[in-house]
Amino acid sequence: MNQITRLAAYFLFLNLGIFVPRSLFSEGIGEIIKSAGNNASVEIIANGIWRVRLGKPEEFTPTHFRSGSIQTQSLEALAPAAASPINLEKIRFAVSARGCVVTLPMNSGEHIYGLGLSTRSFDKTNTRQKLIPSDNPEMEGGVSHAPVPFYVSTDGYGVFVDTARYATFYIGDTSPLIDAPETNVPEAQIANSTDVLYKARTLANRSILVDIPAAQGIDIYILAGPQMLDAVRRYNLFSGGGAVPPLYGLGMVYRGKGDFTAQESLRLARSLRETGIPCDLWGLEPGWQTATYPCSFVWDTNRFPDPSGFVKQMANMGFRLSFWEHCFTHSISPIYDDIKPFSGNFRVWNGLVPDFATTNGRKIFLNQQEKSLFSLGVLGGVKLDECDNQPWSPTPWSFPEASRFPSGLDGEQMHSLLGVLYQQTMLEPFTRRNLRTWGLVRNSHALASPLPYVVYSDSYDHHCYVRGMANQGFSGLLWGPEVRDTGSVEDLARRVQTTIFSPQAIINAWYMKLPPWLQMNMEKSNAGELMPGHEEATALIKKLFELRMSLIPYLYSAFNDYRLTGTPPMRALVMDWPNDPMTYAVDDEFMVGPSMLVAPMFAGQGKRSVYLPAGTWYDFWSNERMQGGRKIEVSKPLERIPIYVKEDSIIPLAYPVQHITKTTVFDLTVKVYGLKPAPFVLFEDDGESNDYLSGKQSRVSLLWSGTSGQIERRGDYTGPARYTVSQWENIQESPSPLRPLGQTTGSTTLYKEPR
Ligand code: GAL
């Protein structure tokens, strides 16, 4: 059959189905290799990424507003993918007045993950997920602060559906008549209980159905593996690569009480320095503004009589500032009249909703941000609150889905994209100054990996927060499980242990006068009452913060890897072990960087079970060597979180500093696990600017010969060295005795006490 007749044969449409032969996929990137009028065309976008265009897609989609460009070269470095990982012949498409539907094949054994930063569900197999932006503790099934229409499979591929609609994904729980012969699945019994009535049934066949409202067409992107992690990497590189924080962004964050004055902020910030509690970013919550629900974006000079003096004093103590705001604009704001024509046609809390998809909307909004914030000097970041949708709250901070915006977006599309558009807008002043930032945001969406913002939530359930740690990596998102008030010191310590392994380690004391280690109870904190045992609690929390500070070089390297290869710095176990069904439900452990497995503990839990995947592992604290492929029972004292290190890896641990400066040099103890560890590559640059993008960076490799360590520096970073190694510690067979942090054994030191 020649090419023409072959194509003609594939133009058979069934229910507007498309039929594309694998053999055609050896064509060049960018070439449209099949088109079927309005109905279907397939284009290879980059190595291992196919775009299937079905019908006539909408204009306003995540790719229309993409934050970064496709990292074609990095994608080339991944395994070549000649054929689509899923059988494109089995994709079906239908359009109706209510929108369009895509049906994709699903194998019997595969498990599906992703679809955004859900904190309540993990394995999405056999579930329905309606991607609604919000976070309501009662809701699950696709509702989250950051819904993302991208899923990955243990079969080693991913699918991105390019839509800002509230699409519903039916994952293996529908059984299309068309796909399978009639089967009669006999029911074993007449149901005599609700348990029996509602139990799972075996379906004759299954598929993944995506129901997209309003759209008369859709682009879907198929991303090849061969493994699940490769598909995730491709997605992140397609998005523009992963964001790299400024070095200080990896330090500790403390957010002060919402109505703190300049004096109160300075006093508490000073006391952190005096007690040696590490902190890099100081967060100002609503009280810096004259009005906040909605916002004026103007300093309240009653609380902050001299904003610029305040910023300088904080900077002198080594604090970067992170400013809270949301975008709903108060009528007393100087930009109100100007931004009105570039706002949606409904108010939120009586404020305007700026349309960040218009150039003028962005410009007018940023002019005010320049005046109030950026002109004051170096800022660390912004916290972009309330950009999620909360239709269930008594005064919803949401505009109707039927809203219209001057850019042409409707309310549903804007709800999905508001967080991303707002992040892009507020990134611009940093980029213009050649500075990096590390912000917070409460809503995000697809293709967000290049955006330097961490998603947070008020929801606060610790188990959910840990699940977020495992889920974030599936969807190109970063998650910050913040710590506030707690019911016990144990809860405080366990929560802090989770946050110090996250992309942004946050104490969010926005409703507490005292830090939680001085008083964990909100009322007592606001009455200024110190809790009994606060000295011990302070020492404990300080140790945990120091652990975070010692991990900064390791984390910085993991983020550089995120940028270059798309590998999520924090990810679920199933991503690294997709062929091990024991990992499929593990949502309370996660990998950090290349070789650390972290299994947080929860208050009230004397011990927990930890699944160690196949291989050899070392207990980070005791150095005990253990075989994986099994569950172990673990118990750790309050100053420790269960951490396991893969054999044959190198972990650099820095002497913990209180905060990062331009000239910080990390003094490293390099821990070498096993006899033949892979080199560890540190990322070295100025830590703050975007110069690394034009080559001003070095790779500092830590190599172990079997008996001694060596450092190799390659690259064009000309500033002072960021890293020195003061000792190498080789850990092999013999377990060393359990030592508390800071104690020394023989000639080696696991951690040094702060000098
Ligand atoms: C909430 C936010 C909190 C805090 C508070 C201030 O919406 O999630 O972290 O910033 O607003 O009013």
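Just so you know, ligand 1 is whichever comes first in the structure, and atom 1 is the first atom listed for that ligand.
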* Has Arg442 got any heavy atom lying under 4.0 angstrom from an atom of ligand 1? -> yes
* Scan residues 493-511 for pairs that pass side chain to side chain donor-acceptor pair (under 3.5 Å), counting only residues two or more places apart or in two chains. => His462-Thr498, Glu482-Asn508, Arg484-Tyr511, Asp485-Tyr511, Asp491-Arg495, Arg494-Gln497
* Structure fact -> Numbered in order shown, the ligand 1 atoms found under 4.0 Å of a heavy atom of Pro286 are 6 (C), 12 (O)
* **Residue among Ser67, Pro568, Ser475, Ser239 satisfying side-chain contact (heavy atoms from CB on, under 4.5 Å) with Ser449** => Ser239
* Given Asp385 and Tyr456, is the side-chain hydrogen bond (donor to acceptor under 3.5 Å, both in side chains) satisfied, shown in steps? -> CA-CA 9 Å; Asp385 207 12; Tyr456 66 95; 2.4 Å; yes
* Identity and distance of the protein heavy atom lying nearest atom 10 (O) of ligand 1 -> Glu285 OE1, 2.4 Å
* Is there a side-chain hydrogen bond (donor to acceptor under 3.5 Å, both in side chains) between Glu546 and Ser550 once you walk through the steps? -> CA-CA 6 Å; Glu546 285 171 359; Ser550 72; over 6 Å; no
* Identify the closest protein heavy atom to atom 12 (O) of ligand 1: which residue and atom is it, and at what distance? -> Tyr293 OH, 2.8 Å
* Asked: Would one find an N or O of Lys383, backbone or side chain, under 3.5 Å from an N or O of ligand 1?
  -> yes
* Structure fact -> Check: of Asp385, Thr292, Asp259, min heavy-atom distance to atom 1 (C) of ligand 1 comes from Asp385
* Shortest heavy-atom approach to atom 6 (C) of ligand 1 - which of Tyr456, Trp510, Tyr460 -> Trp510
* Does the Trp438 side chain pair with the main chain of Leu281, one donor and one acceptor, at a distance under 3.5 Å? -> no
* Structure fact -> Note: ligand 1 atoms sitting under 4.0 Å from heavy atoms of Trp324 are 6 (C), 10 (O), 11 (O)
* Structure fact -> ligand 1 to Glu386, heavy atom cutoff 4.0 Å, flagged ligand atoms 1 (C), 7 (O), 11 (O)
* To do: Could you verify whether a donor N or O on one side chain and an acceptor N or O on the other, from Asn443 and Tyr422, lie under 3.5 Å apart?
  => no
* **Protein heavy atom at shortest distance from atom 8 (O) of ligand 1** => Asp458 OD1, 2.5 Å
* Determine yes or no for a side-chain-to-main-chain donor-acceptor pair under 3.5 angstrom, with Glu325 supplying the side chain and Cys295 the backbone. => no
